[in-house]
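Working notes, structure below.
Atoms considered below: every heavy atom in the structure, side chains included; atoms not considered: hydrogens, waters and symmetry mates.
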Amino acid sequence: MNVLDELIKSAGGCAVIDGGLATQLENHGVNINHPLWSALCLITHPHIIKQATLPGFTSNGLSIEEGESLLRKSVKLACEARDSFWETLHNASVRNGKYCRALVAASVGSYGAYLADGSEYSGDYGSDITLDKLKDFHRRRLKVLVEAGPDLLAFETIPNKLEAQACIELLEEENIQVPAWLCFSSTDSIYISSGETIQECINVVKRSEKVVAVGVNCSPPEFIEDAIEIIRKETDKAVVVYPNSGEKWDGKAKQWLHSNCFSDGQFGVLVKRWREAGAKLIGGCCRTTPATIEAICKVLKEQQ
C-alpha cells in the first residue's frame, strides 16, 4: 500500500486536498500578476509556497542553479510547515483520532501554465509540440522535485492526452519511486480542455503503475459528478477531484469572469454526491478558499 492509499484509509475512505493557494495569496495582498504567477512568491515571499518551472525562472532572469534551488525550497518549506503543524498537534495532545498527518504533494503543472497564455485551459500548444519536447520540458523539474523529498507528485491541470502520455513515460524513464496522481482540466463532464474525451485520456493513464490516482481539477463543480462516474468505469485507481469555484478564466485578459460561482455551502452539498459517486480525494482549485475546504471537511466527517 502506497502513502496515498494509507492516507485515504486513515481518513475513513476519502481524504481532503488543500484549496486554491494563489487565491489565498491574493487575499493576503500579494500581487501575482506576473509571468511566474504565484511562483514569484518563492523569491519575494519565501514563506508562501507554490511550484514553478525552470524555464519560467530562467526567462525571468534567474540562472538554472537558482531556479533549481527555488524548486527545492518550495518542497522544503511545505514539508517544514506540515511538520510544524503536526508537532503542534502532538504537543497539544489532540492528534489521535482527529487528524491525519498531511502529505506534501509537489505540483507538476502543465506546459501551458509555463506559457502563461491560457493554453492550459485549451490544450492547444501548437503544431510543433511533440511528445519528446514535452518530456524534455518536464524532465529536469521532475527530477529536482523528487530529489527534494515530497511524499507525492501531483501532475495537475493537464489539458491534453499528449502531455499526460509524456508525464507517464517520464515516470518510467526516470524510474521515479514517488507515487503520483494525474489530473486533467475539463470543460464539461465528457471532454477535457483539448476536446479529447475523459474516457480516452483515462485509458492512457490507467496503464501506468506509477500513477496511483487520476481525476480532474480546475474544472467547473457542476461537471464533477459525471466525470467521476466515467473515470470509475475505466479504472480502479483512486479518483481525485478538486474543481475551481465555477468562475471562468480569461487567459487573454488575465482575469476571472464572475459567472456561475459556487458558494461554500453549495460545495458542501456537491461533496456528498462526489464521495457517494466514488471520489477518494476531494479538494478545491482556483478561487476556492480555506472556508471552502472547511465545508468539504465538515461534510466528509459527517459521512464517516
Side-chain angles (χ1 to χ4, degrees), residues 1-21 78-79 81-107 150-156 178-183 202 205-206 209-217 219 221 223-244 262-285 288-304:
M1 184 178 292
N2 60 67
V3 292
L4 191 58
D5 289 333
E6 291 174 353
L7 176 67
I8 293 169
K9 182 179 178 180
S10 62
C14 189
V16 177
I17 306 173
D18 63 0
L21 179 57
C79 290
R82 182 270 315 277
D83 293 343
S84 176
F85 174 72
W86 190 244
E87 185 63 26
T88 299
L89 291 179
H90 178 76
N91 291 339
S93 300
V94 297
R95 182 175 60 183
N96 293 333
K98 291 189 177 182
Y99 293 94
C100 299
R101 185 174 183 271
L103 301 179
V104 171
S107 170
D151 301 300
L152 302 164
L153 293 169
F155 295 94
E156 51 189 1
V178 179
W181 79 54
L182 193 151
C183 286
I202 298 303
V205 178
K206 71 181 184 182
E209 293 183 1
K210 295 184 181 295
V211 176
V212 298
V214 62
V216 294
N217 77 290
S219 306
F223 301 128
I224 296 298
E225 184 176 358
D226 288 343
I228 293 170
E229 304 249 350
I230 292 173
I231 296 168
R232 289 198 66 207
K233 288 179 181 177
E234 298 300 323
T235 181
D236 292 330
K237 295 183 186 294
V239 178
V240 50
V241 294
Y242 46 117
N244 56 38
F262 281 68
S263 68
D264 296 333
Q266 289 172 305
F267 246 83
V269 172
L270 290 173
V271 164
K272 181 178 181 181
R273 291 163 54 178
W274 297 341
R275 176 170 182 169
E276 291 172 349
K280 299 296 184 183
L281 294 149
I282 300 175
C285 200
T288 61
T289 68
T292 311
I293 303 307
E294 184 177 6
I296 293 172
C297 290
K298 181 178 180 181
V299 171
L300 294 181
K301 286 180 180 179
E302 290 173 350
Q303 288 189 294
Q304 287 183 352

Derivation and outcome, side-chain contact (heavy atoms from CB on, under 4.5 Å), residues D18 and I293 | CA-CA 7 Å; D18 63 0; I293 303 307; 5.6 Å; no
Take V216 and F223, measure what side-chain contact (heavy atoms from CB on, under 4.5 Å) needs, and give me the verdict at the end.
-> CA-CA 10 Å; V216 294; F223 301 128; over 6 Å; no
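- For the pair D151 and V3, the tightest heavy-atom approach, listed with the atom from each and the gap, is O-CG2, 3.8 Å.
- At least one donor-acceptor pair under 3.5 Å links the side chain of T288 to the backbone N or O of C285.
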Determine, stepwise, if the pair N217 / I17 fulfils side-chain contact (heavy atoms from CB on, under 4.5 Å).
-> CA-CA 11 Å; N217 77 290; I17 306 173; over 6 Å; no
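- Of the possible donor and acceptor atoms, one in the side chain of R232 sits under 3.5 Å from a partner among the backbone N and O of A277.
- Between P150 and V178 the shortest heavy-atom distance is O-CG1, 4.0 Å.
- Expressed to the nearest 0.5 Å, how far CD1 of I202 lies from CD1 of I230 amounts to 9.0 Å.
- Here the shortest heavy-atom pairing between E209 and V212 reads O-CG1, 4.2 Å.
- Looking at R101 and D83, a side-chain N of the basic residue comes within less than 4.0 Å of a carboxylate O on the acidic one, giving a salt bridge.
- Between the CD1 atom in I296 and the SG atom in C14 there is a gap of 9.5 Å [rounded to 0.5 Å].
- Here the straight-line distance linking atom NZ of K237 with atom CD1 of I231 works out to 12.5 Å at 0.5 Å rounding.
- Summarising the geometry, atom CG belonging to L89 is positioned 9.5 Å from atom OG belonging to S84; distances are rounded to the nearest 0.5 Å.
- Between G13 and K280, the shortest heavy-atom contact is O-CD, 3.2 Å.
- Annotation for L7 and S10: closest pair O-OG, 2.9 Å, computed over non-hydrogen atoms.
- Counting heavy atoms from C-beta on, the side chains of P179 and V211 never come closer than 4.5 Å.
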Derivation of the side-chain contact (heavy atoms from CB on, under 4.5 Å) call for L270 and I224 | CA-CA 9 Å; L270 290 173; I224 296 298; over 6 Å; no
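- Annotation: the span from K206 atom NZ to D236 atom CG amounts to 9.0 Å, rounded to 0.5 Å.
- Y242 approaches G284 most closely through the heavy-atom pair CB-N, 3.5 Å.
- Distance CD/E156 to CG/L182: 10.0 Å, rounded to 0.5 Å.
- Atom CD of E229 has more than 12 heavy atoms from other residues, nucleotides or ligands within 6.0 Å.
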